[in-house]
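The structure appears right after this line, and notes come after that.
Only this structure's heavy atoms are used, side chains among them; waters, hydrogens and symmetry mates stay out.
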Amino acid sequence: MTKNYSDTLFEEMKLLAKFPTQSQLEGIKIHNEASSSIISAAKSLFDKGLISQEDGGYLTDSGIETANHLHSVLAPLS
């Protein structure tokens, strides 16, 4: 079964992969000059409860878990 994934999902994955997962004291700030796709991805990750602010912030506990899973998938592919 093949599933079509949206470009938005890939933008969310790319942004989530940039967050540091070793410490909840490190985060990312998305500036308003960022591309609309990055701003949209950050808002979506916030709406899903994976990051603490609409403009980045820190990973939540769920965000850390999800990012770790994402890194596990990406590591063999890189």
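- Screening Asp61, Thr66, Leu59 for a side-chain contact (heavy atoms from CB on, under 4.5 Å) with Leu50, the sole residue that qualifies is Thr66.
- Distance alone, capped at 3.5 Å, places no donor-acceptor pair between the Ser40 side chain and the Ser36 backbone.
- Closest approach of Ile64 and Thr21 over heavy atoms only: CG2-O, 4.3 Å.
- No side-chain donor from either of Ser62 and Thr60 sits under 3.5 Å from a side-chain acceptor of the other.
- In this structure, Tyr58 shares a hydrophobic cluster with no other residue, the cluster being traced through Ile, Leu, Val, Met, Phe, Trp and Tyr side chains under 4.5 angstrom apart.
- The shortest heavy-atom contact between Gly27 and Pro20 is N-CG, 4.3 Å.
- In the hydrophobic cluster analysis, where Ile, Leu, Val, Met, Phe, Trp and Tyr join through side-chain heavy atoms closer than 4.5 angstrom, Tyr5 is grouped together with Leu16.
- Heavy-atom minimum distance, Leu74 versus Ala17: CD1-CB, 4.2 Å.
- Note that the CD atom of Glu11 and the CG atom of Leu45 stand 10.5 Å from one another [nearest 0.5 Å].
- Considering every non-hydrogen atom in both Ala42 and Gly56, the closest pair reads CB-N, 4.5 Å.
- To the nearest 0.5 Å, atoms CD (Glu54) and CD1 (Ile39) are separated by 11.0 Å.
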(request) Run the numbers on Ile51 and Ile28 for side-chain contact (heavy atoms from CB on, under 4.5 Å), then give the verdict. (result) CA-CA 10 Å; Ile51 60 176; Ile28 292 178; over 6 Å; no
